[in-house]
Amino acid sequence: MSSAPADVPAPPTPPGTPPAPGEAPPGRLVLPYGDTTGDGMVQLSFTLPLPHDKLAEGAAEQLAAKMGMDPAMVVHARPIGDGFTFFVVYGRVRHVVDTARVEVVERDYPLLGPKEANLAIRESLQRRLVVVGACIGTDAHTVGIDAILNVKGFAGEKGLEYYREIKVVNLGAQVAVPALVAAAVAEQADAVLVSQVVTQRDAHLLNTREMAAAFREAYPPARRPLLVVGGPRFDERMADELGVDRVFARGTTPGEVASFLVDRVRRRVAA
């Protein structure tokens with residue numbers, strides 16, 4: 001009588017093999033690179049409210065050790081005012097990152113050049129797309145909103161003012177939320193862009209939530225303009241939590257913003 005064959009282990013998957021349908025892509029375990037591959041060496045900078053002396057340097061090393069750096073070495077220390085010292089600490093960490101567990105917001109729209117964007121707007125809206133932009137609250141830093149809206153643009157790309165089929169209304173800095181809503185209503189805006197650079201005490205998050213609530217109150221859901229916020233300390237994964245349609249982080253270019261707006265406007269028209 002023959003017995004059932006023993007279980008035979010599956011052969012290893014050849015490198016570069018794509019995952020099966022429904023299967024998560026394989027991750028990669030990575031350590032920081034300092035002097036050699038996988039040595040785990042990192043550089044960290046911070047400020048302590050202590051005058052620059054040996055005690056302050058010891059405190060900096062202790063703080064770095066509590067953060068998981070072992071050994072930790074102060075490689076730079078400089079007083080930056082009465083009772084404050086800036087430090088740079090170099091040391092080893094043993095934390096491993098699995099890239100399969102990293103969560104990011106992937107781009108879900110095609111990148112368009114100005115000509116393609118203009119054509120798409122004409123075909124879908126049959127009029128110009130209206131964008132109102134501002135820095136809200138007490139934020140007086142217009143460098144971000146200007147980089148996206150002004151014709152000179154950013155990173156070698158022209159700003160939205162360069163697009164013939166986009167009407168840009170740049171309200172500038174320190175715009176109150178009610179004034180932003182009023183401008184959006186008056187201009188019949190398709191999209192509202194807000195830049196926030198000031199982040200003390202999470203001011204950028206508080207301002208964004210206030211803005212989103214004001215637009216929900218002023219518009220029925222189907223008529224509300226697209227709400228887009230951006231700034232160096234925003235987390236792109238927080239769009240739903242903040243009540244906006246998209247969050248853009250540092251390094252975003254005008255072309256990315258224009259492509260997103262065109263894509264979402266086309267979807268609304270097709271719905």
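For the single chain, residues carry numbers from 1 onward in sequence order. All values below come from the heavy atoms of this structure, side chains included, with hydrogens, waters and symmetry mates left out. Please read these numbers as outputs of a predicted model, since none were measured by experiment.
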Can you confirm whether L119 sits close enough to K115 that some side-chain heavy atom of one is under 4.5 Å from a side-chain heavy atom of the other? no
Please say yes or no: joined through hydrophobic side-chain contacts below 4.5 Å, possibly via intermediate residues, are L160 and I145 part of one cluster? yes
Considering residues, nucleotides and ligands other than M238, do more than 12 of their heavy atoms fall under 6.0 Å from its CE? yes
Atom pair CE/CZ of M211 and R216 - distance to nearest 0.5 Å: 9.5 Å
Tell me, yes or no, whether the heavy-atom count around D108 atom CG, taken from other residues, nucleotides or ligands under 6.0 Å, exceeds 12. yes
Hey, any chance L242 and V257 share a hydrophobic cluster, counting ILVMFWY side chains that come within less than 4.5 Å of each other, even indirectly? no
How far apart are the closest heavy atoms of L227 and A212, and which atoms are they? CD1-CA, 4.1 Å
Is there a salt bridge (Lys or Arg N to Asp or Glu O under 4.0 Å) between R246 and E236? Walk through the geometry before answering. CA-CA 7 Å; R246 185 76 179 197; E236 292 180 313; 5.1 Å; no
In Å and rounded to the nearest 0.5 Å, what is the CG to CZ distance from D98 to R28? 11.5 Å
For G34 versus D39, what's the shortest heavy-atom pair and its separation? N-OD1, 2.9 Å
Flag yes if L31 and V89 sit in one hydrophobic cluster, no otherwise; membership is Ile, Leu, Val, Met, Phe, Trp, Tyr, and two members link when side-chain heavy atoms are under 4.5 Å apart. no
To the nearest 0.5 Å, what is the distance between CZ on R224 and CG on D245? 4.5 Å
Considering all heavy atoms of both residues, which atom of I148 and which atom of T253 are nearest to each other, and what is their separation? CD1-C, 3.9 Å
Rounded to the nearest 0.5 angstrom, the OG1-CD distance for T142 and Q174 is 10.5 Å
What I'd like to find out is whether the side chain of L129 reaches to under 4.5 Å of the side chain of E165, using heavy atoms alone. no
Using a 4.5 Å cut-off on heavy atoms from C-beta on, say whether the side chain of L261 contacts that of V228. yes
Would you name the heavy atoms of R122 and R164 that are closest together and state the gap between them? NH1-NH2, 4.2 Å
What pair of heavy atoms forms the shortest contact from A72 to A65, and how long is it? CB-N, 4.4 Å
Using the side chain to side chain donor-acceptor pair (under 3.5 Å) criterion, which residues pair with R127? Sequence neighbours excluded. D190
Side chains of P32 and M41 in contact at under 4.5 Å (non-hydrogen atoms): no
Without swapping roles, check the side chain of S259 against the backbone of L111 for a donor-acceptor pair under 3.5 Å. no
Closest heavy-atom contact between V247 and F234? CG1-CB, 3.5 Å
State plainly whether one hydrophobic cluster holds both F86 and V75, where clusters connect Ile, Leu, Val, Met, Phe, Trp and Tyr through side-chain heavy atoms under 4.5 angstrom apart. yes
Which pairs pass ring pair (Phe, Tyr, Trp, His ring centres under 6.0 Å) with one or both residues in residues 156-198, sequence neighbours excluded? none
side-chain contact (heavy atoms from CB on, under 4.5 Å) between E57 and F87: does it pass, once the steps are laid out? CA-CA 8 Å; E57 293 195 8; F87 295 97; 3.9 Å; yes
Check this for me: R233, atom CZ, are more than 12 non-hydrogen atoms of other residues, nucleotides or ligands nearer than 6.0 Å? no
With side chains defined as the heavy atoms from C-beta onward, is the minimum distance between L50 and L55 less than 4.5 Å? no
Apply ring pair (Phe, Tyr, Trp, His ring centres under 6.0 Å) to Y109 and list each qualifying residue two or more places apart in sequence or on a separate chain. F260
How long is the straight-line distance from CG of D146 back to NE2 of H141, given to the nearest 0.5 Å? 12.5 Å
Give the cluster check for V197 versus L193: same hydrophobic cluster or not, with ILVMFWY residues linked at side-chain heavy-atom distances below 4.5 Å. no
With side-chain contact (heavy atoms from CB on, under 4.5 Å) as the test, would you mind laying out the steps for R128 and I121 before giving the verdict? CA-CA 7 Å; R128 298 178 78 190; I121 294 169; 5.8 Å; no
Backbone N/O of E256 and side chain of R107: donor-acceptor pair under 3.5 Å: no
Would you indicate whether the side-chain heavy atoms of E210 and L206 approach each other to under 4.5 Å? no
Separation between CD of Q196 and OG1 of T208, rounded to the nearest 0.5 Å: 5.5 Å
I136 pairs by side-chain contact (heavy atoms from CB on, under 4.5 Å) with which of V192, L180, V229? L180
What do the steps show when you test V131 against L149 for side-chain contact (heavy atoms from CB on, under 4.5 Å), and what is the final call? CA-CA 9 Å; V131 176; L149 298 183; 4.3 Å; yes
Between D139 and C135, is there a donor-acceptor pair closer than 3.5 Å when you use the side chain of the first and the backbone of the second? no
Decide salt bridge (Lys or Arg N to Asp or Glu O under 4.0 Å) for D202 and R209; before the verdict, give the C-alpha distance in whole Å, the side-chain angles of both, and the deciding distance to 0.1 Å. CA-CA 11 Å; D202 288 337; R209 291 190 178 99; over 6 Å; no
What do the steps show when you test D263 against R267 for side-chain contact (heavy atoms from CB on, under 4.5 Å), and what is the final call? CA-CA 6 Å; D263 180 78; R267 293 189 191 189; 2.9 Å; yes
Is any side-chain heavy atom of Q188 less than 4.5 Å from a side-chain heavy atom of V130? no
Any side-chain heavy-atom pair of N150 and N170 under 4.5 Å: yes
